[in-house]
Amino acid sequence: MSLQIIRALNFNACISNNNCSLFCHSLRSGYRYVASGLRRKRGVHVRSAGAIGARVHSVTRSLRYFSCVRPTYTILKEKVTMPENKPFERLPKNVSPKHYELHLVPNLEKLTFTGTTRVKVSIDTSTKEIKLNSLDLELKNVKLQYEESGSNTTFNPVEVRLDADTETATIVFEKSLPEGNAVLYCDFTGEINDKMKGLYRSKYLTPSGEERYAAVTQFEATDARRCFPCWDEPAIKATFDITLEVPADRVALSNMPAKEEKITGNKKIMRFDTTPIMSTYLVAVVVGEYDYVEKKSNDGVLVRVYTPVGKSKQGLFALEVAAKVLPYYKDYFNIAYPLPKIDLIAIADFSAGAMENWGLVTYRETCLLVDEEHTSAVRRQWIALVVGHELAHQWFGNLVTMEWWTHLWLNEGYASFVEFLCVNHLFPEYDIWTQFVTETYIRALELDCLKNSHPIEVPVGHPSEIDEIFDDISYNKGASVIRMLHRYIGDDDFRKGMNIYLTRHQYKNTFTEDLWAALEEASNKPVGEVMSTWTKQMGFPMVQVSSEQRGSNRVLKLMQQKFCADGSQGDDTIWMVPITISTQEQPSKVALSTVLDKRTQEVVLEDVSENSWVKLNPGTVGYYRTQYESGMLERLVGAVRDGSLPPLDRLGLLDDCFAFVQAGHTHTAESLKLIEAFSNETNFTVWSSVANCLSKLSALFSHTALDKPLKNYGRKLFANVTKRLGWDAEEKESHLDTLLRSLVLNRMITFEDPDTIAEAKRRFELHSSGACPLPADLRSACYRAVLSGADEPTFDRFLQLYRAADLHEEKDRISRALGAVTQPHLLNRVLDFAISDEVRAQDTVFVIVSVAVSRNGRDLAWQFFKDHWQEFMDRYQGGFLLARLVKSTTENFASEASAREIEEFFASHKSPGTERSVQQAVETVRLNAAWLRRDLASTTAYLTPYH
Ligand code: BES
Ligand code: ZN
């Protein structure tokens, strides 16, 4: 290890000047800084430049604690020995918290906070050390006091060791602590940071235009430790008494209702009721200025939706949904919501979509607020889903919590399933279960066929590994296999099992097996045996079917094999596949169900005519793909053409066929031929699946001579439906036709249809002159149409519109349309705009994505990412926004050279928390390259009439 003296500094001077900036500038990523002259070397690994300020404070803090005070320290710089070499360890179990008294005092001007914790702990085995989590906090006045009165009951530590790598604080005592109950006292200070994690700041403007900050928490997965020292693991549950000291004119909220509010001068002290026993990641506080609307749900829970000041009306939709969802879940699980209140609050800066903090659910503004005039139908539907999702967590996640993050999918997969149950109940007209297949199921399959996918249950340790599994596997595969299970055991037994599970484990923690055990008990089916093949094994099978007519019977031969994106054979993994089959005799009925639990199996369908089609996986519920022998496929295609195959079966057939194209089992031209059978399609979800396939083709062929022919093909395909829907909604139009119109117009604009573009421009002008406002559902399409031909002044007009927009949804709509510009210098302006002060860090990624997915923007966005890599690392410090950015700026390339370049870039630019995304993207790029090589010539031939 090389040590290099970088600076001698007067340490006391440094810490008294709280900002340390002089020193900070000399720090570099990848190095550890240690102070010499200490009994033990303590230091801080600087992971990224942006973290420096905070990390340096940790150095100074640790120095303080080893206060063999000398006026001057020499700070040494050493190359970091990789922390990855140290195996991750969970906190020791010898000391556990039972009850926290947490007192927080945010300073909304200086953006710092102070706090104290008094934690009742149980010391179960005598120890000299107490280890807990703490990150970017300065700890002071740590002491331990035993509850029994008498002398000598206070223990002062000889050392408080902060380790930023493991995100822990170890409190070291001189003598062993006796077993028993004690209280651990600690004072601490920290920064209200701008990273959207821990206790962070969120900027808002007062109605008079003044800039102010709210203080908000986001603790999942591992960031409670940034706000107060704690045992920050989901299985270490405790109760909490939270107190906030805030300016008297601010709203202060926490998980529980306030039990006392004391105003003295311009200060307000809010004391909240004791929480139930719960995990630290669900603790929340918000301090800011908000209005609210409220309602008592008919099961007696006070529901409030908090909005920005003056916008309480925008909370009414979510209020209605939440107030109806609570009794629905109460009835579904047969367990009441255990808290007296639930608040839903819109936060202006928020990295995820929403967070299920118990009793105080936080949301992005766009995932909660509905403006009757400016909110689109698809947004409204999304908001219903998000509210349903977070409220499902109040039972599933909050009341019963996964034992460790390996079982995260229990939370997320389950909530992602239940949100559809609840929206289906509240809004049957959304036909939401059909949309599940395109929104959830297909997305899971698309990722899960990669070699770099992962099993649903995945061992994780370090926080960056934990961050990475909030992905399409945990959410979408998780939800898909639960839907499959729900169908396999039926709704009655499913409900029964859920009630057993939630009742048995309430206020406790579980492993995946506990859920299987409860459902098995309820259903008497081998749930554990079946389901573990889906949660412990990566990927999914392809079921190959061939058939033979024997008299009036149809005999099917089924064979399962792992489906691999590269078309390879796969290994010998076997799943227990719940199989269902329908036939032309009764298209919407399951004719046969069985479980395919070996490689091959024969099944006999009785009374099926020779000419009938036979379909596996009706409703597209089973998590597998089906490959038919050609005769069977032909009959099914006929049934697509005449519409006699139900929508989800048409859709499933197409998506399977398209996946086989990508894997090289068949040619692109085959899928184009199949897609033509959909030209008279009427179903929104089926169209959105067709559009998904075409977008992939256009991304693949975007830099070849097929760009135009594919657009012509798309235009012809969408001609009928475009005509049917027109531009103006009919009175009392169905929700799904509204969604379809906006999909179709968007596609026609991407296909560069001159009539659609001209009409979009005309309507946009009427809109911006105020003569005839565009309905929210059509705005994205029109904005993109105008921007696709935009010059500089037009582009500037959109920036003006963005600035003038008040509703966040509208800002999103504009900023995510900007990538439709085609001139390179405008695309570069979009990228610069994305990281400017005008765009919140939560939104930056999506603006860049809009450029990255466009034909002319792909290379520019990737270059931009590389040029600003450090800035992105600092801005997001890992997390899914960064992973998303990495994925979208890389995965559309289609050459071996690009794959290599991406690999090399990330080899020399370590980006914690995005490792798996990089591997997936590189794999996708190679798959694209192979696909392009394989199919360019034959597709060119097929598309000749469209040149
Ligand atoms: N628990 C998550 C929020 C979260 C996500 C915390 C990632 C930490 C990291 C929440 O329940 C959630 O899943 N939110 C979704 C919305 C949902 C409707 C899919 C989100 O934020 O995208
Ligand atoms: Zn969730």
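Note that this is a predicted model, so its numbers are computed, not measured. Order of listing sets the numbers, starting from 1, for every ligand and every atom in it.
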More than 12 heavy atoms of other residues, nucleotides or ligands under 6.0 Å from CD of Glu89: is that the case?
no
Starting from atom 3 (C) of ligand 1, what is the nearest protein heavy atom, named by residue and atom, and what distance separates them?
Ala354 O, 3.1 Å
Without hydrogens or angle criteria, can the side chains of Asp431 and Thr434 be said to hold a donor-acceptor pair below 3.5 Å?
yes
Closest to atom 1 (N) of ligand 1 (heavy atoms only, candidates Gln218, Arg364, His393, Glu220) is Glu220
In the protein, what heavy atom is nearest to atom 13 (O) of ligand 1, and what distance, to one decimal place, separates them?
Tyr475 OH, 2.6 Å
Shortest-distance N, O or S atom of His393 relative to the Zn ion (ligand 2)
NE2
I need the nearest protein heavy-atom contact for atom 2 (C) of ligand 1: residue, atom name and distance, please.
Glu412 OE2, 3.3 Å
Tyr623: what forms a side-chain hydrogen bond (donor to acceptor under 3.5 Å, both in side chains) with it, not counting sequence neighbours?
Asp448
Ala352 and ligand 1 - part of the residue with a heavy-atom distance under 4.0 Å
both
Distance under 4.0 Å to a non-hydrogen atom of Val386: what atoms of ligand 1 satisfy this?
18 (C)
Give the atom numbers and elements of ligand 1 that come within less than 4.0 Å of a heavy atom of Glu356.
1 (N), 2 (C), 10 (C), 11 (O)
Between Trp869 and Ser911, is there a side-chain donor-acceptor contact under 3.5 Å, judged purely by atom types and distance?
yes
Report, rounded to 10°, the angle at the Zn ion (ligand 2) between the two atoms NE2 (His389) and OE1 (Glu412).
110°
Near the Zn ion (ligand 2), is there an N/O/S atom from Glu356 that is less than 2.8 Å away?
no
Does Phe846 have Arg816 sitting over its ring (NZ/CZ under 6.0 Å from centre, angle to axis within 45°)?
yes
Between Glu356 and His389, do the side chains contain an N or O donor and an N or O acceptor separated by less than 3.5 Å?
no
Consider every N or O of His389 and every N or O of ligand 1, then say whether any pair is closer than 3.5 Å.
yes
Is it true that Arg916 and Glu465 make a salt bridge, defined as a side-chain N closer than 4.0 Å to a carboxylate O?
no
Side chain or backbone, does Trp382 bring an N or O within less than 3.5 Å of an N or O on ligand 1?
no
Of the protein's non-hydrogen atoms, which lies at the shortest distance from atom 15 (C) of ligand 1, and what is that distance?
Glu390 OE2, 4.1 Å
shortest atom 22 (O) of ligand 1-to-protein heavy-atom contact is with Gly353 N, 3.7 Å
Pair His462-Glu167, side-chain donor/acceptor within less than 3.5 Å
no
Distance-only donor-acceptor check, side chains Ser279 and Trp358, under 3.5 Å
no
